[in-house]
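Some notes on the structure that comes next.
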4 protein chains.
Amino acid sequence: MLKTAIIGGSGYTGGELLRLLLYHTEVEISAITSEKSVGNVAQLFPNLKEKTDLCFEKNNPALISKKADFIFLCLPHCAAMDSAKAYLKHGKKVVDLSADFRLKDYKVYEKWYKEKHTAKALLKDAVYGLPELYRDKIKKAVLVANPGCYPTSAILAIAPLLKSKWAKGVDLPIIIDSKSGVSGAGRGAEAAYLFTEANESVRAYKIGTHRHTPEIEQELSKAANKNIRVSFTPHLIPMNRGILSTIYIKKAINAELLLDHYKNFYENEPFVRVLDSGALPDTKNVRGSNICEIGIVEDKRIGMTVIVSAIDNLVKGASGQAIQNMHIMQGCEEGCGLNLLPIFP
Amino acid sequence: MLKTAIIGGSGYTGGELLRLLLYHTEVEISAITSEKSVGNVAQLFPNLKEKTDLCFEKNNPALISKKADFIFLCLPHCAAMDSAKAYLKHGKKVVDLSADFRLKDYKVYEKWYKEKHTAKALLKDAVYGLPELYRDKIKKAVLVANPGCYPTSAILAIAPLLKSKWAKGVDLPIIIDSKSGVSGAGRGAEAAYLFTEANESVRAYKIGTHRHTPEIEQELSKAANKNIRVSFTPHLIPMNRGILSTIYIKKAINAELLLDHYKNFYENEPFVRVLDSGALPDTKNVRGSNICEIGIVEDKRIGMTVIVSAIDNLVKGASGQAIQNMHIMQGCEEGCGLNLLPIFP
Amino acid sequence: MLKTAIIGGSGYTGGELLRLLLYHTEVEISAITSEKSVGNVAQLFPNLKEKTDLCFEKNNPALISKKADFIFLCLPHCAAMDSAKAYLKHGKKVVDLSADFRLKDYKVYEKWYKEKHTAKALLKDAVYGLPELYRDKIKKAVLVANPGCYPTSAILAIAPLLKSKWAKGVDLPIIIDSKSGVSGAGRGAEAAYLFTEANESVRAYKIGTHRHTPEIEQELSKAANKNIRVSFTPHLIPMNRGILSTIYIKKAINAELLLDHYKNFYENEPFVRVLDSGALPDTKNVRGSNICEIGIVEDKRIGMTVIVSAIDNLVKGASGQAIQNMHIMQGCEEGCGLNLLPIFP
Amino acid sequence: MLKTAIIGGSGYTGGELLRLLLYHTEVEISAITSEKSVGNVAQLFPNLKEKTDLCFEKNNPALISKKADFIFLCLPHCAAMDSAKAYLKHGKKVVDLSADFRLKDYKVYEKWYKEKHTAKALLKDAVYGLPELYRDKIKKAVLVANPGCYPTSAILAIAPLLKSKWAKGVDLPIIIDSKSGVSGAGRGAEAAYLFTEANESVRAYKIGTHRHTPEIEQELSKAANKNIRVSFTPHLIPMNRGILSTIYIKKAINAELLLDHYKNFYENEPFVRVLDSGALPDTKNVRGSNICEIGIVEDKRIGMTVIVSAIDNLVKGASGQAIQNMHIMQGCEEGCGLNLLPIFP
């Protein structure tokens, strides 16, 4: 039994780790922390009533390191840095779900996040936790930066193209139009995310300024082996979970051939589902699961290719992927406890 | 490995059996039938793409009986009768999710369902599949009538009261006000259940005439050992899954004592969660799970007790309960493959 | 042009008054106040952008009384008392949308609201603003207590019965099961009303303790001319607007005859729609309008009558009714500016 | 009083015409037709109960032409052609809400709609009914082709740019990513639009093949005075009403200057709301109204400009615009009966 701890577990990603790990047969949760909440976790997550005796405690790395061997950091960005340092010092392996170790260049981090980076020394060895691209590095890592939800949906959809012969001549910037359910905004009590404000509403936000932009660009640039710029626009959609990303590539590419390439690229991946020609992803097809679904359409008439991907933002876009990373770091079977089928309807 | 077949698997209960059984480690699905659909089940359930090779076939009892040992009937009422007869003749065990074998008195069936009952001989030995009340009989049954979704939520909430000392003096009829998500209406293409018609809408329907009424009365009468009448009003709510039943008992009963009684009553039940005094059920706390949540409030001022229960209509209200029944009939561990935690948000 | 002021206009009832009054041809809004918000109202209500130059100001009765002749108080309960006193002193007519003047007995108020009543002297002359019951008194009133949303839906549905020959022998308490959209919870940033918490969820709350209970009882007791007790249970439903109340009467009453009585009772009422036998109300049929829809079903088999009513909680349940009251107090045509048809879908 | 008829009034655009015209003080509805429905329109539109005596009749141009002077065609494409011919022959003015007269080149129509065009002779004089671009022509027209919902949102957002000095160097194709509520799919009983299928789901559909594509291209080409190609991708969103279009322009343009240009361009337009720099449209800000809201963001870093527009697909995207066109054709005040403020929440 691997002993894990969830640091900062009162939000939706913490709750999703609880849902997935409490069901996991090879893992136990030895500690969960919250700075604001106390008592049994079921007070905050009534879906888990009678399913666990876990109580929130404070984030005390010395204490928690005695109980747990694997650490999930679900802290806000900037708060995660110090905890990562502390737990690594205690010899623990860490998956950080915040943005603190995703960007390799601390100057890019400081520019987009408007915060000082206080753990620069760790950046070099932190591994970007997208298993489909970095499995070998994740295997050996002690600190994994779990990707953002939007970047997961975008990079999985675009990287195989950029790593193919069709990459040549693709116009920049690549346009990424993403639609996210409201759980992406977290569990904080903000009026903008009240039911009455988010229901019967669709809106774009943070056009050109969303902090996931440099993360997507960093990873696509690596994939392409050249500088890639993206025009990224997130939208808020009246649903609980799910991200659909629609990606516009200015180049007509035969969809069947490109889908074949994607199928090969993801052949051994347990959590990527490349659709057949003619089919298109839907967030409802992946809800509650760790699956990323990808579809491609060529629009010959105007010389375009449109790639669409769907994930559950709380699973493949956060907690499920964090567990997948843990499995790789620990050398376990990757799908263990993660093979839950999507729930429909 | 137990070999099962799903007869009539193109609707939501069929899809939910697929979701739960494909994940089940001790069961395999050997056949699934549909009279209208052909090809891989993932064409109808794209959430299951790449997760199964199952293709729809026709309902041929002779053929399917060679492949499967346990039968789930997801046919419409009236259509299930003949199939039940056929599969029992082939020596198979059957859980019928339709209403055909729920009512012990065929005259009551014929009155409420306006159909001839053509398998009366089976009624005597058919067991009403509510494990919390009939586990011992289910163990020995070859034909189990899986309860309706509304009756499950109502009976689990009321039966313990009627079997207690507090039953005396409870006024009749008992009033049951139920609220159901739209999946309860099935997957048929009816205009009344279009998104645009069901969204931003709440309405009562079939007041006093819903076919689940006699089923509830039959079971409550058995529990009380006297004739019980209920005023049952179902409502349609803009959500996918879930039933909340609010039950009005004209008698003030100390909630803490009554909750204690319920906790004892359901002490060894893996899927009933009796809440502490002060807490109230919410359909979102049980979504995707086989759990029934029950809360009780006494309103001393006016001499009333209000009992509230929540279930997921597709799981405890249909397919999850069917699998629970299968486990009992087969002598397996009851929670096997059914311990999925509720998904939130 | 009647000059009006909205005191406490930053919430949903304030916004709804704006929507309705800005469109009104006989009324102008001379002032709107907020203690927290400043600047143009369209910053808080972007739907009104370019439709008004109104800016929030502080609630200064002396100042505002110079600009406005008719006052809508949209303050929280307890805060409304002082403002009512102040504006009445300045000779203004007031409709108070809070609960402060609804309960005739200040002791009942103090018991249920846990607050001192500091304007007891006004209670005697304050008129309960349900036009269908008190039009004549409202005509002469200077202070009208606008009914609560739940009470409006309940009283309109029950009062005609209690004022009829069928009232005799109706069992008490009358059971009222109400389902409300989330706008009823207001616009405050509370986690419980986040989209992700209220969506795909139905729950009962404040069973037996909701503050609208004594208000319903007061008015039904007056209607019946005897003491009436109700068992009132509100529920939260994932939709923006609307209240559906399902009311259980333990007495079989011929639905056609009772509907005839209701049709007569509301014959000249512009905003009550009594349905024909067989039809049932739906919140979507009244959305955005000042209409209250009522349907009745007799369940002879068990000796019950079920009455169902639907309103839009922000219109007939709050701001629309407030304007209707203003019209009556001012002697204007009652439906002026209020004849907006329900929006569907 | 202008006498109007609604031909094919049983769908959502027919219902919206009813909602708007029944409230209109200068117009009466003299006839409404349906081939399938009979009886009072309130049977299909229960929101209109007691608000009208109108009954569905068959579409008999000779008969209806005796009763009505102005015709709204809400028929499916292809079916509208013949009716248009018939009513024009009877000397009536016609606004056609179908696609039959939108495309100037019948070969383009036949290619995208896979139907023969049987009223080619009318195409020349039919006017594309976007008042903001064609008011003068609409004034003199007898046949107006009411724009599609997606084209309305796209053309209003892009045309002013293409008619400006900034048009030069804008890369083609222009990328239009649109998100629509489910009412856009109509009221037909199709399983894909059931609540349970559309709720908690976002998906793209008909990528590169949606029939509104040539309509958008025709109008943008006219505006630009050169051949414009667009990459148009519609998405289905779980809400009743609203279209948000996000438009990607590969050229950095100063947003404040461009917004100034848009504000000038739409200066006298009663139904276009150009937002200030920094603000972004939201479908909830225009719900139930004839308003189109437009916002613009420059993303200098990558040389992009993003334009976002929001409309209510049933009002400005269909029935509201049809009434606006009627007003222009009849020489009435354009906003009459159309000044309903957006309903929020």
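For the numbers below, each heavy atom of this structure counts, side chains included, while hydrogens, waters and symmetry mates do not.
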> What distance separates R187(A) CZ from L194(C) CG, expressed to the nearest 0.5 Å?
Replying inline: 8.5 Å

>> How about NZ on K36(C), more than 12 heavy atoms from neighbouring residues, nucleotides or ligands closer than 6.0 Å, or not?
In response: no

>> Using every non-hydrogen atom in the two residues, find where A189(A) and A191(C) come nearest and quote the distance to one decimal.
In response: CB-N, 3.6 Å

> Looking at side-chain heavy atoms only, is the closest gap between E200(C) and N240(A) below 4.5 Å?
Replying inline: yes

> For the rings on Y193(A) and F195(C), is their centre-to-centre separation under 6.0 Å?
Replying inline: no

